[in-house]
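Shown next, in structure tokens, is the structure this report addresses.
Heads up: numbering here begins at 1 and tracks the sequence.
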Amino acid sequence: MIIRGGVSAVLIAVILFSHLARPSWRVLVFSILFSVATLFLYIAIRAWSPGPSLVVITLTPVVNIVAKLLRGKVVHRRVYLAMIGLLIGVMIALNPWQANFDLIGFVMSLLAMLLAGLGMEVLAGEKGVDPYNKSFWLAILTVCIGCLASVGDGQMPLLALEWTSSNTLALVGFGVVGGFLYYLANIIAVEELETEVATTLAMAETPAVIISSWFMLGDKLSLVQWVGVSIALAAAASLVHAQQEKIS
């Protein structure tokens with residue numbers, strides 16, 4: 001969390017320089033909710049393993065779908081289909097049944113899902129602030145909450161890592177792709193698309209991470225995992241295509 005937020009904050013500060021604006025209450029609430037959701041997800045992964053934790057977080061769009069239905073609006077069928085496709089693909093790729101049930105991991109996963117969805121709802125109501133400013137404050141809050149969590153766990157932030165040239169480069173790369181670009185893409189998506197659509201597309205992060213682990217870290221993926229990743233990405237692509245047709 002600290003590296004992810006720190007790299008993002010530095011990059012955005014360099015890009016904006018003197019154009020950083022004071023955050024509104026919506027931006028702060030979104031940043032806190034999303035950062036805490038990230039922390040809960042990390043706790044869930046440590047307690048329950050990545051597979052089942054990421055499967056639960058893939059259901060985040062359910063929060064936004066329910067919120068839209070409660071407002072008396074209609075959710076298009078393509079959103080449901082894309083979310084189900086992503087869920088099926090992620091389940092095939094991660095095989096969550098291998099992990100034993102863990103109550104703490106399950107609860108943390110549910111809380112992460114709920115807070116991430118609520119954060120997107122809060123962010124959707126914020127207009128008039130450029131995405132870079134929103135991403136900057138999200139990055140800053142992520143660093144702060146990550147540091148507090150590390151100290152509370154009895155660790156000094158970043159000192160527990162064994163710093164080498166290779167893992168430093170990998171961590172910075174993760175901060176750029178998994179932090180800066182991910183934050184910015186999600187924030188722009190929420191501003192330009194319906195919230196449940198943006199959140200569903202954000203869930204493509206999981207298959208993207210699986211592919212990145214294969215490409216960057218040399219993790220071996222089985223044929224079944226490739227099938228799952230392909231299904232998940234195809235589901236996300238179908239929703240993107242449907243949105244393009246809607247716009248045109």
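W97 and V56 fall within a single hydrophobic cluster, where Ile, Leu, Val, Met, Phe, Trp and Tyr side chains are chained together by heavy-atom contacts under 4.5 Å. I211 and I92 are assigned to two separate hydrophobic clusters, defined by single-linkage of ILVMFWY side chains at heavy-atom distances under 4.5 Å. One hydrophobic cluster holds both F40 and V62 under the rule that ILVMFWY side chains link at heavy-atom gaps under 4.5 Å. L81 and I65 fall into different hydrophobic clusters, where Ile, Leu, Val, Met, Phe, Trp and Tyr side chains are chained together by heavy-atom contacts under 4.5 Å. L54 and V224 sit in two unconnected hydrophobic clusters of ILVMFWY residues. Membership requires side-chain heavy atoms under 4.5 Å apart, directly or through other members.
Panel note: side chain Q225, backbone S222; a donor-acceptor pair is recorded below 3.5 Å. Although no hydrogens or angles enter the test, the distance criterion places no donor-acceptor pair under 3.5 Å between the side chain of T200 and the main chain of V79. In this structure a side-chain-to-backbone donor-acceptor pair under 3.5 Å is missing from T142 to G5. For the pair R78 (side chain) and L239 (backbone), a donor-acceptor distance under 3.5 Å is absent.
The shortest distance between side-chain heavy atoms of T38 and R4 falls below 4.5 Å. Contact annotation: the side chain of F34 never approaches that of L141 to less than 4.5 Å [non-hydrogen atoms, C-beta and beyond]. Residues V7 and F180 are not in side-chain contact: their nearest non-hydrogen atoms beyond the backbone lie 4.5 Å or more apart. Residues I57 and S109 form no side-chain contact, since every pair of their non-hydrogen atoms from C-beta on lies 4.5 Å or further apart. Taking 4.5 Å as the limit, some side-chain heavy atom of S150 sits within range of a side-chain heavy atom of I2. Considering only heavy atoms from C-beta on, K134 stays 4.5 Å or farther from L138 through its side chain.
Considering all non-hydrogen atoms of both residues, A9 and I140 come closest at CB-CD1, 3.8 Å.
Salt-bridge formation is not detected for the pair K73/E196: no Lys NZ or Arg NE/NH1/NH2 atom is positioned less than 4.0 Å from an Asp or Glu carboxylate oxygen.
Every residue two or more places apart in sequence or in another chain that forms a salt bridge (Lys or Arg N to Asp or Glu O under 4.0 Å) with E194 is listed here: K68, K246. For D102, there are no side-chain hydrogen bond (donor to acceptor under 3.5 Å, both in side chains) partners at least two apart in sequence or on another chain.
No option in L59, T58, V90 other than T58 meets the side-chain contact (heavy atoms from CB on, under 4.5 Å) test with M203.
Shown here is R71, whose CZ atom has more than 12 heavy atoms of other residues, nucleotides or ligands within 6.0 Å.
Under the 30°/60° scheme for interplanar angles, the aromatic rings of W48 and F101 are found to stand perpendicular.
Side-chain atoms of T199 and N64 include a donor-acceptor pair closer than 3.5 Å.
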